[in-house]
Number of protein chains: 2
Amino acid sequence: MESKKLLQLAHAACKERGARLTAVREQVFLLMAENEGAIGAYDLLDKLQKIDPSAKPATVYRALDFLAKQGFVHKIESINSFLLCDHFSDCHHPVQLLICDNCGSVEEIQSNNLDLALRAMADASGFTINHQVVEAHGKCQNC
Amino acid sequence: MESKKLLQLAHAACKERGARLTAVREQVFLLMAENEGAIGAYDLLDKLQKIDPSAKPATVYRALDFLAKQGFVHKIESINSFLLCDHFSDCHHPVQLLICDNCGSVEEIQSNNLDLALRAMADASGFTINHQVVEAHGKCQNC
DNA sequence: TATTAGTCTTTATAAAATATCATAAATGAA
DNA sequence: TTCATTTATGATATTTTATAAAGACTAATA
Ligand SMILES: [Zn+2]
Ligand SMILES: [Zn+2]
Ligand SMILES: [Zn+2]
Ligand SMILES: [Zn+2]
């Protein structure tokens, strides 16, 4: 199972960083890993409640917060959902997404030029970037 | 008054396009134009209700939808707020924003390189972009 | 073991956005 | 003008998304 391998990687990364990948967080990580593509917090909660019926919105949001801080998960601002990172070994990379409005698929891309162009513009305005949201909407190859 | 001039431009643009800038829409446009920086839908509703106490959330959201479609207003996905466009004569330009997390100021920038880099990456994946969300968070020059 | 920082549970609420359906206004064709 | 069609609004309710607050618990460490 792919998701088990990912979980191992996550455990290793957390150990290295002294971060605590607790049972709830692990469970949410697995659900994210098993899920194809992006998922909303409340849909994720539904899945979690099948395993732990006492789970509440805060349970999921806290776990997602943690996973996002570790760089395992990205929040997609424009569709209020969450996505397992394609390459979370490199934990704080700039996030650039292609979101198909037809089929809902999300592809994570990596363009240095894009990052550089954005930083160049920011510099020109004396602006220091901490975090960037780059989400392109449109139609994917399959659609 | 700057906002009155902007309103005239908006009226002209709508006339040209056969779009109906109705009383509510005009009022919301003016409130946006008079407002410094970005504003949330419900804060805008508060302002609107001082003029028209019967205004409801849907009133504001519908007006904002219209204004956004005309390119007069941009939605900022990462902070759930709205901003009058800096240069709405060019109505469907790519939107690129620098958002200060300290003082809340938002600067609209225009980088062709950024747009090109994003399109290049999308092309490489066979993806066709309809709409792009580019929002950089960090610290502005003043902060 | 005692301290401490972090995490979890629960309950409640806030914030953001949309659905629905009835009514009204504008537009365009006859 | 009149009628039909489209478009916009008003009003009510609800859905969806996200956070606050307070106390109990847990793991790490010293
Ligand atoms: Zn990633
Ligand atoms: Zn698609
Ligand atoms: Zn603009
Ligand atoms: Zn600032």
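Here is how names work: the chains are called A, B, and so on, in the same order as the sequence lines, proteins then strands, and each is numbered from 1.
- Whole-Å rounding puts the B:D43 CG to C:dA14 P distance at 15 Å.
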Pair up each side-chain donor or acceptor in residues 60-75 of chain B with any protein partner under 3.5 Å, not counting sequence neighbours, and list the distances.
unit_1 : atom_1 : unit_2 : atom_2 : d
B:Q70  : OE1    : B:R17  : NH1    : 2.8
B:H74  : NE2    : B:H93  : NE2    : 3.4
B:H74  : NE2    : B:E108 : OE2    : 3.0

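- If you chain together ILVMFWY residues whose side-chain heavy atoms come under 4.5 Å of each other, A:V133 ends up grouped with B:V133.
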Validation: residues 19-32 of chain A side-chain donor-acceptor distances under 3.5 Å, sequence neighbours left out:
unit_1 : atom_1 : unit_2 : atom_2 : d
A:R25  : NH1    : A:R20  : O      : 2.7
A:E26  : OE1    : A:H11  : NE2    : 3.0

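- A nucleotide of DNA chain D counts as in contact with chain A when one of its atoms lies under 4.0 Å from a heavy atom; the first and last such, 5' to 3', are D:dT17 to D:dA27.
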| task | Test side-chain hydrogen bond (donor to acceptor under 3.5 Å, both in side chains) on A:N113 and A:S111 and set out the steps. | result | CA-CA 5 Å; A:N113 285 342; A:S111 164; 5.1 Å; no
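- Taking a 4.5 Å side-chain heavy-atom cut-off between Ile, Leu, Val, Met, Phe, Trp and Tyr, the cluster of B:L116 contains only that residue.
- Contact between the side-chain N/O atoms of B:R62 and the OP1/OP2 oxygens of C:dT18 is not found at any separation under 4.0 Å.
- Judged as a side-chain hydrogen bond (donor to acceptor under 3.5 Å, both in side chains), the pairs with a partner in residues 95-106 of chain A (not counting sequence neighbours) are, in order, A:D101-A:H137.
- Map B:N80 and A:V24 each onto its nearest nucleotide of DNA chain C; the residue landing nearer the 5' end is A:V24.
- Within the nucleic acid shown, B:R20 comes within 4.0 Å of sugar-phosphate atoms alone, with no base atom in reach, counting heavy atoms only.
- Between the side chain of B:Y42 and the base of C:dA17, a donor-acceptor pair under 3.5 Å is found.
- Within the structure, a side-chain polar atom (N or O) of A:T22 is placed less than 4.0 Å from OP1 or OP2 of C:dC8.
- Rounded to an integer number of Å, the gap from A:L21 CG to C:dT7 P is 11 Å.
- Protein atom CG of B:L44 is 16 Å distant from nucleotide atom P of C:dA15, rounded to whole Å.
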